[in-house]
Amino acid sequence: MKLSDELPVDHRLAAVYRIGAGLCGAILLVFGILGFTNQLAFFNTSGTQVAGLSTNGLLSLISVVVGLVLIAGAVIGGNVASMVNMTVGSLFILSGFVHIFILDKSANILDFGMSNVIFSFVMGLLILTFGMYGRVTGGLPHDNPYWRSRHPEQAAREDSARRGAAAGGPPRLTGGAGARPVTRETGPRLPGA
């Protein structure tokens, strides 16, 4: 099963993916533009602050590019927005872990401070949550396409029961070979009954 194949284009979760990508993309785009308006040097590591975060020209450029990628995902929507959210969110979390170890070292070319690391974790989790919403949980409703792809036999039985109900008869679910039919009136057969 591929996560990108099961969600119909017009599914109600697509709005969540789009809103998440657009909102987070706009925040990153504004941060990057604010860095450019301060005319920061590209590899400056002097600790120049924009919106409470250390930044330089390179981090501003990366913020603008990632913001535009998220906004493009929001415009496209559907599975694309979800996959973009999950990918970018994972990269933000990875960036936070990497920058924890290089905070006071010469390898910190993006001029990250501890506030940037915390921002990376928070933004990464937020974006990742928007991308995974409705895809990864133990309590998916039975009409969710991800639940249906993970439980095809039960989904087929439920579809059959719905077709039977639409045809005018009571829905009949069977619990397997040789089991008595289960209807809404009689309920499921309990073990030992």
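All figures in this text were calculated on a predicted structure; none of them were measured in a lab. In what follows, residues are counted from 1 in the order of the sequence shown.
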Taking only residues two or more places apart in sequence, or in another chain, which ones meet Val80 in a side chain to side chain contact (heavy atoms under 4.5 Å, CB included)? Ile76, Val84
Qualifying residues under side chain to side chain contact (heavy atoms under 4.5 Å, CB included), relative to Leu125, sequence neighbours excluded: Ile93
Roughly how far apart are Leu91 CG and Ile127 CD1, rounded to 0.5 Å? 9.5 Å
Separation of Leu34 CG from Thr55 OG1 (nearest 0.5 Å): 9.5 Å
Indicate yes or no for a side-chain donor-acceptor contact from Arg18 to the backbone of Ala81 under 3.5 Å, with no hydrogens or angles considered. no
Any donor and acceptor pair, going by atom type alone, linking the side chain of Ser160 with main-chain N or O of Ala156 inside 3.5 Å? no
In this structure, would Met132 and Leu94 fall into the same cluster of hydrophobic residues linked by side-chain contacts under 4.5 Å? no
What is the distance from atom CZ of Phe97 to atom CD1 of Ile102, rounded to the nearest 0.5 Å? 14.0 Å
Between Asn56 and Phe112, is there a side-chain heavy-atom distance shorter than 4.5 Å? no
Just verifying a value: how many Å separate Leu53 CG and Ser63 OG, rounded to the nearest 0.5 Å? 9.0 Å
Write out all pairs satisfying side chain to side chain donor-acceptor pair (under 3.5 Å) with one or both partners inside residues 99-109, taking only residues at least two apart or from two chains. Ser95-His99
Pairing residues for Asp159 by the side-chain hydrogen bond (donor to acceptor under 3.5 Å, both in side chains) criterion, not counting sequence neighbours: Arg148, Arg162
Phe101: what forms a ring pair (Phe, Tyr, Trp, His ring centres under 6.0 Å) with it, not counting sequence neighbours? none
Qualifying residues under side chain to side chain contact (heavy atoms under 4.5 Å, CB included), relative to Leu29, sequence neighbours excluded: Ile33, Val64, Leu68, Ile71
Asn85 side chain to Gly20 backbone, donor-acceptor under 3.5 Å: no
Name each donor-acceptor pair under 3.5 Å that joins a side chain in residues 116-123 to protein atoms two or more places apart or in another chain, with its distance.
{"from": "Asn116", "atom 1": "OD1", "to": "Ser54", "atom 2": "N", "distance (Å)": "3.0"}
{"from": "Asn116", "atom 1": "OD1", "to": "Gly113", "atom 2": "N", "distance (Å)": "3.2"}
{"from": "Asn116", "atom 1": "ND2", "to": "Ser54", "atom 2": "O", "distance (Å)": "2.7"}
{"from": "Ser120", "atom 1": "OG", "to": "Asn116", "atom 2": "O", "distance (Å)": "3.3"}

Cluster question for you: counting only ILVMFWY and a side-chain heavy-atom cut-off of under 4.5 Å, with indirect links fine, are Val98 and Leu110 together? no
Are any non-hydrogen side-chain atoms of Phe92 and Leu128 less than 4.5 angstrom apart? no
Residues two or more places apart in sequence or in another chain: which of them pass side chain to side chain contact (heavy atoms under 4.5 Å, CB included) with Ile19? none
